[in-house]
Amino acid sequence: MVRQCVFTLSTVAAILMATTAGAIVPGAQQIGVCGNFTAGKYQVSSGDVTVKPSRQTPLGFYLDWSVRSTRSAGYCFVTNRNLTTRWVVEKGPRPEQVAVRPPVLGPNERLFTALPGYGDVVINRGQGATGDKQYFLVRPVRTGQNSKWYARCGNNSDQVYDASGRYVGSDRRMTVMFPYVCEVSPLSPKPQPQIQPPMMTPQPR
């Protein structure tokens, strides 16, 4: 009986510890806030930014960030309410020091400016179609790295998805390329023929 009680108590304790650890991840939201803030500063994708928690305070979290493409690093402080109140560059060039050369546009390419999280990007359309997906390349001017996105050209003009398949069409600034990408797509919706009203036969008086 004693062994059974000891086993039961230890099992319950283990379950409670695992549940608590899985439910509470200190600084998880603040990591995302700092990463998005840094990506916006350098006009790069969030995948180009690495964020690690450094120290927790009663008011929020200090987090260390780094940008792979610019080799910059620093820290930010994000409050418990997910507000970035400090953002410091400790290593590498600051955002305003990163030289951005005007892009050289190739065939089927067009420049689009100020995409959230990406900045100025070059869109290369015509990367093939599969099912209802029309693929195109997105190349941020700052990084020069291509990623393959897709649009569902046969649907509404907000059907745009990033390289990970995440829907981004809820922000109109991310769908400005839709008409260009879908202009020559085999998935583009076909215009409906206009129905002419029947001609009236003149009646004799």
Side-chain angles (χ1 to χ4, degrees), residues 25 28-52 63 65-73 82 84 92-93 95-194:
V25 182
Q29 292 183 338
Q30 285 78 9
I31 288 174
V33 171
C34 179
N36 291 334
F37 190 89
T38 303
K41 283 284 189 179
Y42 281 95
Q43 295 189 3
V44 297
S45 67
S46 57
D48 198 23
V49 180
T50 300
V51 180
K52 297 180 180 179
L63 305 112
W65 58 262
S66 61
V67 180
R68 183 175 65 253
S69 59
T70 63
R71 297 183 180 181
S72 302
N82 295 331
T84 304
E96 63 270 18
Q97 296 171 330
V98 179
V100 179
R101 297 179 180 178
V104 178
L105 301 180
N108 295 323
E109 290 187 340
R110 182 178 293 180
L111 178 67
F112 292 86
T113 60
L115 263 65
Y118 294 87
D120 298 347
V121 302
V122 175
I123 301 297
N124 188 325
R125 67 184 181 185
Q127 297 299 314
T130 303
D132 63 348
K133 300 176 182 179
Q134 170 67 57
Y135 292 97
F136 59 97
L137 297 179
V138 177
R139 184 173 74 247
V141 174
R142 285 191 180 275
T143 65
Q145 297 176 348
N146 282 317
S147 60
K148 183 176 286 189
W149 293 27
Y150 68 87
R152 288 193 163 102
C153 295
N155 297 334
N156 296 329
S157 60
D158 64 345
Q159 298 296 298
V160 179
Y161 301 80
D162 67 11
S164 64
R166 181 174 61 95
Y167 170 68
V168 295
S170 56
D171 190 333
R172 291 185 178 180
R173 295 172 296 174
M174 300 293 280
T175 63
V176 293
M177 79 289 286
F178 192 94
Y180 176 70
V181 170
C182 296
E183 183 179 2
V184 295
S185 170
L187 307 175
S188 299
K190 298 179 180 179
Q192 297 295 324
Q194 295 183 356

Next item on the list: Applying side-chain contact (heavy atoms from CB on, under 4.5 Å), run through Val138 and Ile123 and close with a yes or a no.
Entry: CA-CA 5 Å; Val138 177; Ile123 301 297; 3.7 Å; yes
- Kindly say whether Lys133 contributes a backbone atom to a donor-acceptor pair with the side chain of Tyr161 at under 3.5 angstrom? no
Looking only at heavy atoms, the pair that brings Trp65 and Val51 closest together is CB-CG2, 4.1 Å
Hey, does Arg173 have a side-chain heavy atom less than 4.5 Å from the side chain of Leu115?
no
To the nearest 0.5 Å, atom OG of Ser72 lies from atom CD of Gln97 at 8.5 Å
N/O donor-acceptor pair under 3.5 Å between Asn156 side chain and Asp158 backbone
no
CZ of Arg172 to CZ of Phe178, rounded to nearest 0.5 Å, is 14.0 Å
Do the charged groups of Glu109 and Arg125 touch, with an N to O distance under 4.0 Å? no
Would you mind reporting whether Asp171 and Pro116 have side-chain heavy atoms less than 4.5 Å apart?
yes
- Query: Distance-only, no hydrogens or angles: does the Asp48 side chain make a donor-acceptor pair with backbone N or O of Val67 under 3.5 Å?
  - Reply: no
Heavy-atom nearest pair, Leu63 first then Ile31, reads CD2-CG1, 3.4 Å
Output for pair (Cys182 SG, Phe136 CZ), nearest 0.5 Å, gives 8.0 Å
Rounded to the nearest 0.5 angstrom, the CG-CG distance for Leu105 and Asn124 is 10.0 Å
Heavy atoms of Gln145 and Pro140 approach each other most closely as O-CD, 3.2 Å
Smallest heavy-atom separation, Gly47 atom then Arg68 atom, equals O-NH1, 3.6 Å
Distance col, row Asp162:CG vs Ser46:OG, nearest 0.5 angstrom, shows 8.0 Å
Take Leu137 and Ser147 through the side-chain contact (heavy atoms from CB on, under 4.5 Å) test and state the conclusion after the steps. CA-CA 6 Å; Leu137 297 179; Ser147 60; over 6 Å; no
request  = Decide yes or no for Gln159 and Tyr167: does some side-chain heavy atom of the first lie under 4.5 Å from some side-chain heavy atom of the second?
outcome  = yes
Asp120 and Leu111 have their tightest heavy-atom pair at CB-CD1, 4.2 Å
Exactly one of Tyr42, Trp149, Phe112 clears ring-ring contact (aromatic ring centres under 6.0 Å, His included) with Tyr118, and that residue is Trp149
How far apart are the C-alpha atoms of Val160 and Met177, what are their side-chain angles, what is the distance that settles it, and do they pass the side-chain contact (heavy atoms from CB on, under 4.5 Å) test?
-> CA-CA 9 Å; Val160 179; Met177 79 289 286; 4.2 Å; yes
Tightest non-hydrogen contact, residues Pro93 and Thr70, listed as CD-O, 3.4 Å
